[in-house]
Structures are given as C-alpha cells and as structure tokens.
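Just the heavy atoms: all of them, side chains too, but no hydrogens, waters or symmetry mates, feed the values below. Both counts, for ligands and for their atoms, begin at 1 and track the order of listing. A quick note: this is a predicted structure, and the numbers were derived from the prediction, not measured.
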Amino acid sequence: MTIIYALTAILAIFMTACLKNTEEPPLAHDIHSYANPNLARVRHIALDLTVVFEQQSIQGTAVLTIQQFERDAKQLILDSRALQIDETEISPDGVKYVESRFSIGKADKILGAPLQIDIAPDTKYVRIRYSTDPTATALQWLMPEQTAGKRYPFLYTQSQAIHARSWIPLQDSPGIRVTWEAKIHVPKGMTAVMSATNCAPGAADCRFVMDQPVPPYLIALAVGDLAFQPTGMRTGVWAEPAVLPAAAAEFSDMEKMLEAAERLYGPYRWGRYDVLVLPPSFPFGGMENPRLTFATPTVIAGDKSLVSLVAHELAHSWSGNLVTNATWSDFWLNEGYTVYIERRIIEELYGKRRAEMEAVLGYQDLQDELKSRPPADQILHIDLAGRDPDDAVTSIPYEKGALFLRQIEQVFGRQKFDAYLKDYFDHFAFQSVTTAQSLDYMRAHLFASNPVEAAADKIPVDQWVFQPGLPASAPVPVSDAFRAIDDAKQIDTRGWSTQEWLHYLRGLPEHLGAARMEELDKSYNLTASANDEILQQWLLMAVRNQYEPAYPRLEEFLTTVGRRKYVKPLYEAMDLKQAAPIYEKARPMYHPITQATVDSILAAKARK
Ligand code: BES
Ligand code: ZN
C-alpha cells in the first residue's frame, strides 16, 4: 500500500514537473529585465488605476496572473522603476488574498530596480497596490496650455523600450507576452483610451481588454479631452476636438492601407485600427500600440505627404506586434521588416515613384548614420550590454534592415518573398523571436528550396546581420524624380512633392551664406512652411548658415514641437549660446525621453 502511495506520489510529482517544463521552451535571457520567467511568469495583468493629475501620479492595483514552472520558484521577480509599492498580496484563486513580503533591490540607472515578491507553491495571483512617481519615464503629464484645446490637462504613456516598468510593475521583456485588461478612473469630462478594445468617447466605467498576448512595451494609455471620427469600417482617428477634422482628413486613406497590407501579408488580426493624434510634445513620429497607434501631429501636412508614418505603424501590426523582437538586440526584426512593409504599402497606394523617393531618402539617412556611428553600432544584431535600448534607435535597424530585405526580394522575386513573409507571420504569430530563430526559419523555408538564389555571394546573410557597414552587393535605391532634380539646369519647383523638396534642400551645400539663404526664402517662403518636415530641414540650414530672419520661427518650433528626431539635430547644430536660452523655455514641454537627449547634447557642448 505505502509503496503504491509513494509511487503514485512520485509519479504525480514527475508529471507536474513534466507539465510545467514542457509546456513551453525556456525563454532566452534578456539583459534588460530582472524577471525570472523560466521559474515564474506573468500571463495576464488586470489593472484598476486612477489618474491623479494634481499629483502627476497613477494609483491603484495590478493583479498579475502567474504561471510557475518550478516548484521552488519562491519569488516572483518583476521590473520596476521609481514605483511606490504599498502592499503585495498573493492568492491561489483570485478571491482570497493574503499579504506577502516584498523587497525592492538596488536601482540601476538604466534598468530600474527588481521587485521581488514572495510566493507560495499554489500562488496564481499576485496583487500589487502601488503608485507612480512624477519622474516616471513612460509618462508625460501636460498642462492645459500644452494642448490644442487649452482647457484640460493631458496624459499619455510611451512604454517602448523599457519604460512600461515605470507605470506598471511587470516582467518588462519583449519575450514575455501577456494578455491584459484595465479599468481607468479619470476626472470628469476626460476620456481614457488604451491599446486595447476601446469604448465610446466619454463612456463611464469603460473596461479595456486586450485578449491577445502582447509584449509589455505595447501597453499604452492616453487621457485627455478626446473625440473620435471614423475613417472607414475598421479605422478611425482619436484626437482633441480642435485637431480632429484635419487629422481625419489627413488619414482618410487608412482603410485602404489596411486592405493593401492584408492583400500582401494576410489578415489583420487585431480587430480595429485607430490612430490617436497626440499633442506636439510627443517624442516620436509614431508608436505602434496595438489597435491604437499613437502619432505626432507634425505629420498633418494637409496633403497626405507624410502619411508613410501611418503605413509604418500599421505595418507593425504584422512585424513587431504579431511577431515581436525577443530582446532589444533583435530590434531590427521589428523595424527593418516594418520599413520594408511600409514602403510596399506606400507603393500600393501612391505608386512606385513615391515609394522610391522615400527609399532614397531613407538610404541617405542610412549613409549619414553609418558615417557617424562606431562599427559596433552598425551591426543589425547589436550588442547592448550595459546600454539603454533607447540608444539603439538609429537608422541602422530601420534602413539597413529594410535594405537587407530588399536584397532578398530582388534575388528571389516578389512572388516568392511575399509568400514567404506571409508564411513567416503566420508561423510565428503572437510569438517573440530572436535573430537566430528568424534566420533559421529563413534558411529552412526560403533558402533551402532555392539554393541557387541563396548563394552567399548573392545574399551575404552573416555580413548583413553580424558585420558593420553594408555588403558590397547591397542594393542602392534610385529615384527618377530625384535624378531629374539633380540633372536639371534650371529647377522648376512647381508641383513638387514634400519628398522632392527634402531631396533638393538636403542636396544643397552645407554652407550657403546668408545671401543665398535669403534668396531661397524669398523664392519659396520656406520660413513660413506649414510642412514640419520641410520646415525642420530649412531651420537646420538656417542654424548652419546663421540665417537670422528664421530665428523667431526656430524658437517657436523648438518650444512647441517635442519630436526628438526633429529637435535633436537642431540642438546639435546650434552653439551653446544660441541653444541654452531656447532650451530653458522649451525643456518643460518636452517628454523625459527628449529631455534626456537634449540634456546630454548641451552637457557635451558645455564641456567643450
Ligand atoms: N516603435 C517605433 C518607435 C520607438 C522605437 C519608440 C524604439 C521607442 C523605442 C515606431 O514604430 C517608429 O519607428 N517610429 C518612427 C516613425 C517611422 C515612420 C520611422 C519615429 O517615431 O520616428
Ligand atoms: Zn517602427
């Protein structure tokens, strides 16, 4: 009898152990997270949060559903940054909770601090009562004056790359996917929206749900005076009421973009695709939060000339959100694939001429970036040991990554490559993949069946992914439209697109002199340009040539627009004397991410 009991017990232990270990392969180590996902992993997050504008703080509870892979996990380890933890509780059933001990480890400047919570073998739920700090790196709190309507404050989050941990205690690694839900309590008259199912504007007691597993960097929230306008059956725009009509007109091709992407790469799996237009301090062009892209208002040019940003963020619904970089060293899998797809969508909607102009502009960015970056930073599979993953956001993962795929497309032909990509997204749907996994899959499912094309002299894969610079065989995009400008004896700017203007301005010598600047400004009214992409390029030229008539406009631009890609080169080009007083005014309206970038630019200038 005892022997049978013992045997059954051993068998039971053995079976649970097997179950626990074989359900999923262990995750690759992520140097940017403290989590112990192979022992205890977060599967679902339920948030109940109150947004307190007066204190610049989000407060409430996060209930984490966890899965334990080892009997003696003992602790759940989470990532956190500047969070105030008030209480942690554990429960086997999500009904009865008991308080549990927690400790917060030493804080690292880049990673924040590990939050270690004691768990029992039967723990399935961990409830954390917490509040965020005003310094939370994911959050930007805007005063009413910083919004279009000037009446309500505004809050939005930016969780990528490792900022989710500054507003939610969680396992903040792109390899760890979670489903989630949230209740968000906001002041009267304001609306919360999230990267999940949303409710009607102003709806009371909205419950947000994301029931497809996503990496934590895709959890997003915005709160403001927001209204909604549809642009199609599945697409629409959220924005402040004053901005909404222009935004909806600018993005009116969104439904067509969605359909084009589906024709190329298979069904859109996220239900709706909406865009939220943020106030101008948003530090990025766009952020691909699922179901709800966050976007800068600087792309509203009035002529749809900058909507490749929407194509880009939409493309992430396949590359990035469906198939996700497993660690930040694999970031090129997100961005390189996305830039490639973005240009395919642009070609479908607006033709090859436009797509090629954008490819050439991207290629020029890449060439500039390659000149200014050390060899180690030119590698697609980048080593980020000791570094902030935000530092790896250069043209290299974007444009070198896209160029690599462009070469594969050229060698295999579109038909084969399109079919391959569609299959790749299906195969890895809702999973996070490493560079090695993606290359293995490519070798097995594209190269193996086409050995002639896959020869290393045609596609030097290892050189593309693991070496600096570009392979000698790298494609060089060309644009007939740009060539016509380069070859013209007398330029005729009538009917020029934004892209043609950018090419023309970027092609002018760096030192033009004030007289030539004045002449250009007289002819083309560039200081008054309403297109922020052209204006930024022009202001850069104004700084380089000390063209003073543009200085008031420069100051106005820098004190209203916080998009890092725009402001960074301008501060770099100015001397400290010119930059410091402008920055003093501008800094409070910048997002912490942009502030950090400009802080270090000015600090470097001060040291010189
Ligand atoms: N996901 C990125 C933005 C990002 C990357 C934020 C890394 C934080 C860390 C987004 O999809 C993106 O690439 N945005 C670009 C625009 C795009 C058209 C190239 C941007 O913001 O400039
Ligand atoms: Zn992107």
Side-chain angles (χ1 to χ4, degrees), residues 32 110 137-138 140 156-164 166 172 174 195 214-220 251 257 275-278 280-290 292-299 301 305-325 327-346 355 358-359 361-363 365-366 369 382 384 387-402 498-499 502 532-533 536 561-569 591-594 596-597:
H32 292 108
I110 296 169
T137 51
Q140 189 175 19
Y156 68 86
T157 66
Q158 166 60 42
S159 294
Q160 197 181 12
I162 54 170
H163 303 288
S166 76
D172 196 4
S195 50
V214 293
Y217 75 84
L218 293 176
I219 306 178
F251 301 148
M257 286 189 181
V275 171
L276 168 68
V277 178
L278 291 158
S281 66
F282 185 56
F284 297 103
M287 177 63 214
E288 67 272 26
N289 298 314
L292 186 64
T293 282
F294 284 20
T296 171
T298 60
V299 294
S305 65
L306 301 177
V307 295
S308 59
L309 179 115
V310 176
H312 179 97
E313 306 312 337
L314 172 66
H316 274 306
S317 307
W318 286 262
S319 46
N321 299 2
L322 199 55
V323 181
T324 307
N325 52 205
T327 74
W328 297 113
S329 290
D330 309 305
F331 182 56
W332 75 277
L333 292 178
N334 274 18
E335 298 301 343
Y337 279 63
T338 294
V339 170
Y340 172 81
I341 295 176
E342 163 199 335
R343 301 219 170 108
R344 293 294 304 274
I345 296 172
I346 292 298
E358 295 191 346
L361 290 170
Y363 185 75
D365 287 339
L366 175 60
E369 196 86 65
I382 189 172
L384 291 171
R387 296 177 71 179
D388 188 328
D390 284 347
D391 293 352
V393 187
T394 72
S395 300
I396 313 276
Y398 288 80
E399 296 293 344
K400 184 178 170 182
T498 298
Q499 288 71 26
L502 290 172
D532 281 341
E533 194 78 32
Q536 192 269 354
V561 174
R563 185 174 175 185
R564 184 169 65 169
K565 181 184 126 185
Y566 285 170
V567 307
K568 183 174 175 248
H591 185 281
I593 289 172
T594 302
T597 301

> Report yes if the side chains of Tyr398 and Asp365 come closer than 4.5 Å at any heavy-atom pair, otherwise no.
no
> For the side chain of Thr298 and the backbone of Asp532, is there at least one donor-acceptor N/O pair under 3.5 Å apart?
no
> Within ligand 1, which atoms have a heavy atom of Gly285 less than 4.0 Å away?
20 (C), 21 (O), 22 (O)
> Counting both backbone and side chain atoms, is some N or O of Glu335 under 3.5 Å from an N or O of ligand 1?
yes
> Quick check on Tyr217 - does any of its heavy atoms sit under 4.0 Å from an atom of ligand 1?
no
> Do NZ/NE/NH1/NH2 and the carboxylate oxygens of Lys400 and Glu335 come within less than 4.0 Å?
no
> For ligand 1, which atoms sit closer than 4.0 Å to a heavy atom of Gln158?
6 (C), 8 (C)
> Counting both backbone and side chain atoms, is some N or O of Glu342 under 3.5 Å from an N or O of ligand 1?
no
> With a cut-off of 2.8 Å, does Glu288 put an N/O/S atom close enough to the Zn ion (ligand 2)?
no
> Would you kindly say whether His312 and Thr338 are connected by a side-chain donor-acceptor distance under 3.5 Å?
no
> Write down the atom of Ser159, the atom of Tyr217, and the distance for their closest heavy-atom approach.
CB-O, 3.5 Å
> Which protein heavy atom lies closest to atom 5 (C) of ligand 1, and at what distance to 0.1 Å?
Gln160 OE1, 3.4 Å
> Could you tell me whether Glu288 approaches ligand 1 through its side chain, its backbone, both or neither, with non-hydrogen atoms closer than 4.0 Å?
side chain
> I'd like to check which ligand 1 atoms, numbered from 1 as shown, lie under 4.0 Å from a non-hydrogen atom of Tyr398.
2 (C), 5 (C), 12 (C), 13 (O), 19 (C)
> I'd like to know if Arg564 contacts ligand 1, where contact means a heavy-atom distance under 4.0 Å to any ligand atom.
no
> Given the Zn ion (ligand 2) as the apex, I'd like the angle to NE2 of His312 and NE2 of His316, rounded to 10 degrees.
100°
> Tell me, do Phe284 and Arg564 make a side-chain contact under 4.5 Å, heavy atoms counted?
yes
> Any N/O of His316 closer than 3.5 Å to an N/O of ligand 1?
yes
> For a 4.5 angstrom cut-off between non-hydrogen side-chain atoms, does Leu306 reach Thr498?
yes
> Below 4.0 angstrom from a heavy atom of Glu313, which ligand 1 atoms are there? Numbered from 1 as shown, please.
10 (C), 11 (O), 12 (C), 14 (N), 16 (C)
> His591 versus Ser281: any side-chain heavy-atom pair under 4.5 Å?
no
> Assess, by modelled atom type and distance only, whether the side chains of Glu313 and Thr293 contain a donor and an acceptor separated by less than 3.5 Å.
no
> In ligand 1, which numbered atoms sit nearer than 4.0 Å to a non-hydrogen atom of Val393?
7 (C), 9 (C)
> Relative to the Zn ion (ligand 2), which of the N, O or S atoms in Glu335 is the closest?
OE1
> Below 4.0 angstrom from a heavy atom of Phe331, which ligand 1 atoms are there? Numbered from 1 as shown, please.
5 (C), 7 (C)
> Would you say ligand 1 has an N or O under 3.5 Å from any N or O of Gly286?
yes
> Ring-plane angle category for Tyr156 and Phe282, please: parallel below 30°, perpendicular beyond 60°, tilted otherwise.
perpendicular
> Say whether Arg563 and Thr296, considering side chains only, have a donor N or O and an acceptor N or O under 3.5 Å apart.
no
